[in-house]
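Quantities reported herein were computed from a predicted structural model and do not represent experimental measurements. Computation of the quantities below employed the complete heavy-atom set of this structure, encompassing side-chain atoms and omitting hydrogens, waters and symmetry-equivalent molecules.
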Amino acid sequence: MFEGTVRTNLDHLEEHTDEHIWKALGKCQLGDEIRRKAEKLDSPVCENGENWSVGQRRLVCVGRVLMRKSKILVLDEATASVDTETDNLIQQTLKHHFSDSTVITIAHRITSVLDCDMVLLLDNGILKEYDSPERNGGSDEKILTLTDLGVKTLSWLSLYIFLQTHFSNSRETKYPLVLRLWWGFFFTISCYCLVADIVYFKKHHSLSILFWASDVVSVVVALILCCIAFSGKNKDGDTVLQEPLLLNESLKGEETTTPYEKAGVFSLLTFSWISCMISLGQKRTLNLEDLPQLAISDSVRGGFPILNDCLEASCGEINRVTTIMLVKGLVKTTRAEIAISAVCVFVYTLSSYVGPYLIDSLVQYLNGRGDFKNEGYALVSAFFVAKLLESFAQRHWVFKVQQAGNRARAALVAKVYNKGLTLSCQSKQGRTTGEIINLMSVDAERISDFAWYLHDPWMVVLQVVLALIILYRALGVASVAGVVATFLLMLVNFPLGKLEQRFQEGLMKSKDKRMKSTSEVLKNMRILKLQDWEMKFLSKIQDLRSVETGWLGKYLYTSAVSTLVFWIAPTFVSLLTFGSCVLMGVPLESGKILSALATLRILQEPIYNLPDAISMIVQTKVSLDRIASFLSLDDLQEDVVESLPFSSSAAAAVEVINGNFSWDASSPTLREINLRVSCGMRVAVCGTVGSGKSSLLACILGEMPKISGLIRLSGTKAYVAQSAWIQSGKIEENILFGKEMDRQWYNRVLEACCLNRDLEILAFGDQTVVGERGINLSGGQKQRIQIARALYQDADIYLFDDPFSAVDAHTGTHLFNECIMGLLDSKTVIYVTHQVEFLPAADLVLVMKNGEITQAGKYNDILKSGSDFMELVGAHEEALSSLESIDATTLPKPAMQKLEQGADDENDGVDNGGEAKGQLVQEEERERGNVGLSVYWKYITTAYSGVLAPVALLAQIMFLLLQIGSNYWMAWATPASKTVAPRVKGSILILVYVLLSVGAALCTFGRALTVVTIGYKTANILFNKMHLCIFRAPMSFFDSTPSGRVLSRASTDQSSVDLRVASIMGQFAFSILQVLGIIAVMSQVAWQVFIIFIPVFCICMWLQRYYIGAARELARLCGVSKAPVIQHFSETLSGAITIRSFDQESRFRDTSMRLIDAYSRPQFHSVAAMQWLCVRLQAVSLVTFASALIFLVSVPRGTIDAGIAGLAVTYGLTLNLMQTWVVQSLCYMENTVVSVERILQFTCIPSEPPLVVEANRPESSWPMQGEVSIQDLQVRYGPHMPFVLRGLTCTFFGGKRTGIVGRTGSGKSTLIQTLFRIVEPTIGHILIDGIDILSIGLHDLRSRLSIIPQDPTMFEGTVRTNLDPLEEHTDEQIWEALDKCQLGDEIRRKTEKLDSPVCENGENWSVGQRQLVCLGRVLLRRSKVLVLDEATASVDTATDNLIQQTLKHRLVKEYDSPEKLLEEKTSSFAALVAEYSMRSTTSSTL
C-alpha cells in the first residue's frame, strides 16, 4: 500500500466513482471496517501501509483487481497472509466475479488449487505434470483405489462363504442382530459415498471410474443385504410346514419364564430378549398364553411377601398402617430398580447437557478457530457418544421405573385383596364395594404411575445446576439473570400446580361417586328395568358425570394454560439473560447464543414438569393415605372362636357361653347367648323378621364382634347363606370349591340336591359357565348349588341360613330329607328356617326374639310352654286352615305319581331337544389386527364434525414457523466472533426475538386450547352414547356380560378418553411437523442430510410396523386382563363370609395372585417392547445427526455460515429424540385408541324396543281393570334356543288374585319377565285391558305395573330414596306404606327416621326387612297389576300372613280357581298342595 488514503490506494488513476469503490470494498470484506473509521474513504494510509495489518493490505490488493475486472488475473500467493476463513471468502469472491476470466494462481496451499480446472506442477524449471487435479498423482491414487476395491471384494467373498457354511443348515429365521445392524450401517455409509461422488462430479465434471464402480457396487450389495436382513432367511417347504408346531412348542407362555431372567448383557442393553415375542406378534395375533411368566422378582409372589413382611414388622402388634410404613415397604420391594434407574437418570442428565456445552466450540471450529488438529472429528465423536449414552440411559431409566411401578402396583393390589378377605363386617359397612375396588383400580395404578416422577425432584436440581454452569461459561455474570428468571418461573408454576392438583382431586372424588353408583346400578339392572327406573338412574349417573366433567374441564383448561407457561418460559429466561448481556456489554456471539438456547430448551422440561411432579407426589400421597387408612381398618377378631380339631368324643361340637355380640358399639345385637350343641345334633333356629337368627349363625362363624363370652367349635365347618353366593365360572367349580373331584361322592351330592335334572337340560351340563352372581340361574338353582357346595366339603359342622325359602315345597322337602336328614344325618347341623314344618325334626329348637334366645328345647316341649313360639306356629296353622279338607294320605294315585315325578319337563332354561349352543358368558371380545381408520375418524369427527382438527394443525404450523424464525434470527443477527461486527443493534435483536417467541407461544396456547376442547367435548359425547346404549340394552346383554367389563370401560377406558387420547393424537401430528421442521433447518446448511433422512425414516417406519402388531395386542390384553382382577375382587368381597367359613382364604389368595400376574404380564412385556423399539429408533436416527456433523466438519471451513451451522446442530441435538417420538407417539396413539375402540363397541349394543311409541300411547288411566289375557304365548331366550313357554293361553281377571305355582325351573319367572317384556314373546300375545303390550312402549308398560322381586334389593342412600326413588310421594304417603308393610315402628325407632342410612346392597338391613321395603314400594305405586315373585320367601309365616292380608294375596300348566283345581285329584296343583300339606302334617307328628 502507498502513503495516502484508502481511495488513492484503490483508484490511483481516479477512474471510478465512490460507489464503485464501496462495492469493491464490500466484496473483499473491508466495507464494514472502513465505514467504522471517521474519515471513511479518506482514512490515512502510512508509508508501506504500516497502520494496516498484512491481511488487510492483502484485501486492498484484491479490491484493486475487482475494480479493474481484467480478462487475465494472476494471483501470486494472494491469500498467504490471511486466515483460512478469509482465504475461502477471497476464493469464493474471485471465483464469482472472474468466472469468465483466465485465472492463474500461484500457491503453496494445496487447498487453494484443488478447485482449479488444471494444475501445472513445476520442478526445477521443468514441467512435471499438467492435468486436472483428479488425474495428477494418478498412479498412487490408482494403486490405492485398486487396493480398496480388492480388499472389498475379498471381504465380501469371505463373508459369503462364512454365511453359506454357517447358516445353510440352520433353522434360524433371522441373521444375528449385530450382523443386521452392521449391514444397515454399511448401507448408510455406501449411500453417503455415492452422494459425495455425485456432488463432486457436478462440481468438477469428472470423477475416476474406479470411484463410481466401487461406490455403486457397494450400494447395490448393501441394499441386497439389507433386504435379506429385514426379510429373514428364506424357508424351504419343510420349515414352513414345521413352523406352527415349533411356535406352539417354543412359546407356551404359561409354561415358560420370560427370557429377561436369563438374558445376557448385550441382550439386556438392547432389549433383544423380547425380539422373539415381537416377531411372533408380527406374524399372528398374540394371546395371553403366548406371554411367558414373569420372573419371580417381578411377579406378585415375589413382591408381595417383601411388602407384607415389611408392614408386619413395622406395625408390630398394633394393626395400624401409616403412610410412612407403606412407603418404606414399597421402597424395599423395588429398591434394586430404584437404584439402577437413579444411575440411569444421572447418566442421562449429564449426557443430555454435553451437546449444549460443545455447541460453542463447534461454532468456533467452523469459524476457523480450531484449537488442535482433527478437533472437528473429536467434537463429532463427543456428540455421538453423548447422544448414544443419553439414548440407552433414558430407555433403561424408563424401563426400570415402570418395572418398579408394576411390581409396586401388584404388591399393593395383593395386599388390598388380602385385607378385603379379613375385613370385619363392621369395617366393611363403612366402605362400599366400589370404594374398595377403587383402591385397587385407581389408587394402586396411580402409585404405579408415580414411578415416572420418582427421580424428578433431585433430577430437576441437577439439571438446573448443569444449565447454570453452561450459561455462566457462555455468558458470564449475565447468567445470574437467567438463574433469577428460572426460579421466578418455578414460583409461577406452583399456583398452577396447586390448581391442577385441586381440580384432579375433585375429579377423582366425583369419579369415585359415579363409579360407585354405576356399580350398584349394574348389579341391580333387572330390578331397575322391572320397575321402569333405569332412565331415572341413568339421569342420576349423568348428573354425577356433570359434576365430574366440571372438574375435568377445569383441569384440562388449566393444563392448557400450563402449556402457555411452558413455551413462554424459555422466552422469558432468554429475554432477561440476553437483555442483561446487552446492558452489561457482554458480546453476544452466535456460538454462545446457540449454546444458551440449547441449554434453555433442555431446562424448559424441568421447569414445566416440576409442578407436575409435585402434583403427582401429592396425588400419590393421597392414594397412599387412602390405602393406609383401608389397611388400618379392623379385621375380624381372631380370638372370637376357639377352634378345636374334630373328635367324636368331644363334649360339644358348638358351644357358646354367656355370649354378647354386637354389629356396632352402641348396643348389643345378641345378648346372653348360651348354647351347647353336641356332635351329630340337628338344631333349628326360628323367630320373626329381625329377631337375630342370621346374627346367631354369624357369631358362631366368628363374623360378629364379640363383647364378652366364649365360642368353641370342634371340627371343620360349612355355611349356606340366606342370599345365594355363586362365583362366575363352571357349575362344577362352584360345587367342588377347591376340593379334588370324587366322582361317586359328587354324584350323590347332585342327587341329594335335585341337580341332576337341571344339569341334564343344560347344554353343557355341569360345565356350563355361570354368569356373574349366578345371573343365568333361577333363585332355586342358585340355592341348590350353594347347598351342594356345602355338602361336597364333607365338613363336621353345617350352618344353614334359611336355605329352603327359595325353592318350592316338593324340592324343599326333598332337600331337607336327603340333605339334612340323609347325607348329614351324622353331622352337626344348625339351620335357620321360617318353615315351621321343618322344626319337629330338630333335636333342639331355638326361638329368637330381640336378639335373645327366649325358648330352647324339643319342638313339643316349647310348643306347650311358650307364647313366642305359639305365635309362629299359630300363623302357620292359619295358613294351613284352607287345606283342612284335603287328606294327603287318601290322595288318589294320579296325583301321588305326579308328586314323585319331581320337576316338570318345563324349565326356565332349555330342554334336551335344544340345539348345541355356546356358553352364555363368553370371553371378552377384543378387536384384532390394526385399529381401524374408522375409529380415528369417528373420534376426530365426533366433536363439532371435526372442524377444530385443522385449526389445531394450522396453529402448530404457525408455531413452528415462528419458533424456527426466532432461533434463526438469533443465529443470523449475531456475529460468529468478537472481531466481526453485529448485523443489528442489541435492542432490535432482543425485540424481534421476543416478538417472534411470544407469537410462537400464543400459537401453541391456541393449539392446546383447541385440542383440549376436542378431547373434552368428544369424551362427553362418547360417555353419553355408551351409557345410553348400556341402559337401553336388553337384559340378555347383562346376563352374558360380567359387570367388570362394563366397569372397566366406564372407569379405565373413559379416563383414558377424558385425559389422554386427544393429547396423544395431537402429539403425534405435531411431532411429525416438528421433525419436518428440524430436517428443513438442517438441510439449509447440509442438504445431503435429507438424502440420509429418507432411508432412515423409512427404516423407522418399518420398525414401527414390525413392532406395532405385538404392541397393539399387548395393549388390548392389558385391557382384557384387568377386568377379571376387579371382578374376582368384587366377588370375593360379596362372598367373604362364605369363603372364610369354608377356610378357603388361601385358595382365593392364590387365584387373585394368578390373575394379578396375568394382568402384569402384558404390562411388563408392553413396556419392554416399547423400549425395544425406542432403542432401535434412536440408534437409527442418530445416523442422520452424525452424518450432518461429519458433513459440517468435512467441508472447507468458511464455506458455511458458522452461526446457521450451529443452529442446525442445535436442532439436530433433538432430532433422534423427535424422530423416535414420532414413531413412539404413533405406537402410544394406537395403544391408547384401543380405549376409544372398546367404548365404541358398547355404543353399538342392540337396544330394547322403544320406551314410548308416540303413535300408540295408552290413556293415563290405563289399565282400568287390570285384566291380563295371554293368547298362545310361546317364549324362548334366543333364536336358536328351544321354547321355554309353549302355547300358554289363560286370563288373569281384573281385580282378582292369581297364584302362579310350579316346580323350581318350571317357567314361572319367565312368564313374569315376558309380562314386563324383559323377554320378548316369540309367538302369541299378552293383552292388558285389551291393549297388546307389544304395541306400546316399554315405559308405558312397566310404569303401570308393579312387582316385588324374588331377590330383595335396596340401594345405597336413605329409607326415603329406596321407597320413592322418583320423588313422587309425600312423607305422609311413605309413612302410610311403611305401616302397611310392618316397618313403620322399626323406622320410627331410628333417630334419622326416613333419612336413616342404607348401606350398599342394604347390608345393614336383614333380608326380611329388605323384602318388606320392596313391598312398601308397590304399596306406594298402587298399580292395577301387581306381581309378587316369591315376595314373602324371606319372612316368617306370621309376617307373611300380615303381608297377604295387606295385599289380599298372591300359572302355567293348569289354570282355574284353587277350589276347582283341588277338586281335580289328578291336577299338578293338587299334588303341590298335597306335598305341602303332607310335609306339614308329617312334621307335626314327629
Side-chain angles (χ1 to χ4, degrees), residues 252-258 260-261 288-289 291-312 321 326 329-330 332-334 337 402-423 433 436-445 447-448 627 630-631 635 727-729 733 736-739 1042 1044 1048 1117-1136 1138-1140 1142-1167:
K252 291 280 186 179
E254 299 290 344
E255 300 170 5
T256 59
T257 306
T258 178
Y260 172 73
E261 194 173 28
L288 190 60
E289 51 271 16
L291 307 186
Q293 295 291 342
L294 297 172
I296 189 66
S297 58
D298 289 313
S299 71
V300 68
R301 297 181 189 279
F304 169 69
I306 300 173
L307 175 65
N308 195 49
D309 292 346
C310 187
L311 290 179
E312 288 181 355
V321 177
L326 202 55
L330 291 173
K332 192 172 182 180
T333 306
T334 58
E337 284 65 34
Q402 289 191 274
Q403 186 182 14
N406 286 341
R407 189 184 302 172
R409 175 192 51 76
L412 276 175
V413 169
K415 185 64 180 173
V416 170
Y417 180 89
N418 285 2
K419 184 68 178 181
L421 266 178
T422 61
L423 205 60
T433 302
I436 299 174
I437 287 175
N438 270 349
L439 296 177
M440 173 188 288
S441 62
V442 177
D443 292 292
E445 290 284 352
I447 292 168
S448 174
I627 293 177
F630 175 74
L631 295 178
D635 289 335
Q727 264 190 291
S728 55
E733 293 169 352
L736 297 182
F737 208 54
K739 287 198 72 173
S1048 66
L1117 285 172
C1118 286
V1120 169
S1121 57
K1122 185 176 182 179
V1125 178
I1126 297 173
Q1127 184 182 339
H1128 180 70
F1129 189 29
S1130 176
E1131 286 184 341
T1132 300
L1133 288 173
S1134 60
T1138 300
I1139 294 167
R1140 289 192 291 260
F1142 284 87
D1143 297 322
Q1144 292 283 321
E1145 295 99 315
S1146 60
R1147 183 173 70 88
F1148 273 76
R1149 287 191 188 102
D1150 287 343
T1151 302
S1152 175
M1153 286 185 175
R1154 181 171 52 80
L1155 292 172
I1156 292 169
D1157 275 347
Y1159 175 47
S1160 297
R1161 277 157 58 198
Q1163 283 220 321
F1164 174 82
H1165 291 98
S1166 179
V1167 171

*Ile296 and Glu261: which non-hydrogen atoms are nearest, and at how many Å?*
N-OE2, 4.2 Å
*Can you tell me how far CD of Glu1131 sits from CG of Leu1133, rounded to the nearest 0.5 angstrom?*
10.5 Å
*If you take all heavy atoms of Ile437 and Ile1126, which pair is closest and at what distance?*
CG2-CG2, 3.6 Å
_Please enumerate all residues that pass side-chain contact (heavy atoms from CB on, under 4.5 Å) together with Ser1134, with sequence neighbours excluded._
Trp725
_Close side-chain approach of Leu291 and Pro1162, heavy atoms under 4.5 Å_ = yes
*Output all residues satisfying ring pair (Phe, Tyr, Trp, His ring centres under 6.0 Å) with Phe630, sequence neighbours left out; order by chain, then residue number.*
none
*asked:* Tell me the closest heavy-atom pair linking Thr334 and Ala404, and the distance in Å.
replied: CG2-O, 3.4 Å
*Quick one: CG on Asp1150 to CZ on Arg301, what's the gap to the nearest 0.5 Å?*
5.0 Å
*asked:* I want to check something: taking the side chain as every heavy atom from C-beta on, are Ser1152 and Thr1132 in contact at a cut-off of under 4.5 Å?
replied: no
*Is there any salt bridge (Lys or Arg N to Asp or Glu O under 4.0 Å) pair reaching into residues 405-419, and which pairs are they, with sequence neighbours excluded?*
Asp298-Arg407, Glu337-Arg407, Lys419-Asp635
*asked:* Closer than 3.5 angstrom, by distance alone: can the side chain of Arg1149 be matched with the main-chain N or O of Asn418 as a donor-acceptor pair?
replied: no
*asked:* Before you tell me yes or no, could you show the steps for Ile447 and Ile627 under side chain to side chain contact (heavy atoms under 4.5 Å, CB included), namely the whole-Å CA-CA distance, both residues' side-chain angles and the distance that decides it to 0.1 Å?
replied: CA-CA 10 Å; Ile447 292 168; Ile627 293 177; 3.7 Å; yes
*asked:* Would you compute the distance between atom CZ of Arg1147 and atom NZ of Lys739 and round it to the nearest 0.5 angstrom?
replied: 12.0 Å
*In Å, rounded to the nearest 0.5 Å, how long is the span from CG of Asp443 to OG of Ser448?*
12.5 Å
*Hey, could you give me the CG/CG distance between Leu412 and Leu326, rounded to the nearest 0.5 Å?*
5.5 Å
*For Val300 and Pro305, which heavy atoms make the closest approach, and how far apart are they?*
O-CD, 3.7 Å
*Straight-line distance of Thr1151 OG1 to Ile1156 CD1, nearest 0.5 Å*: 10.5 Å
*Results of salt bridge (charged side-chain N to carboxylate O under 4.0 Å, His left out) for Lys1122 - residues two or more places apart only*: Glu445
_For Leu421, is there any backbone N or O sitting under 3.5 Å from a side-chain donor or acceptor partner on Arg1140?_
yes
*asked:* Measuring only between side-chain heavy atoms, which start at C-beta, is Phe1148 closer than 4.5 Å to Gln727?
replied: yes
*How would you list, by chain and number, every residue that makes a ring pair (Phe, Tyr, Trp, His ring centres under 6.0 Å) with Tyr417, sequence neighbours excluded?*
His1128, Phe1129
*List the atom of Leu330, the atom of Leu307, and the distance in Å for their closest heavy-atom pair.*
N-CD1, 3.8 Å
*Verdict with reasoning, Gln293 to Ser299, per side chain to side chain donor-acceptor pair (under 3.5 Å)*: CA-CA 8 Å; Gln293 295 291 342; Ser299 71; over 6 Å; no
_Please find the pair of heavy atoms, one from Phe304 and one from Ala414, that lie closest to each other, and give the distance._
CD1-CB, 3.8 Å
_Any donor-acceptor N/O pair, Thr333 side chain to Gly329 backbone, under 3.5 Å_ = yes
*asked:* I'd like to check the side-chain contact (heavy atoms from CB on, under 4.5 Å) partners of Asp1143; sequence neighbours left out, ordered by chain and number.
replied: Lys717, Glu1145
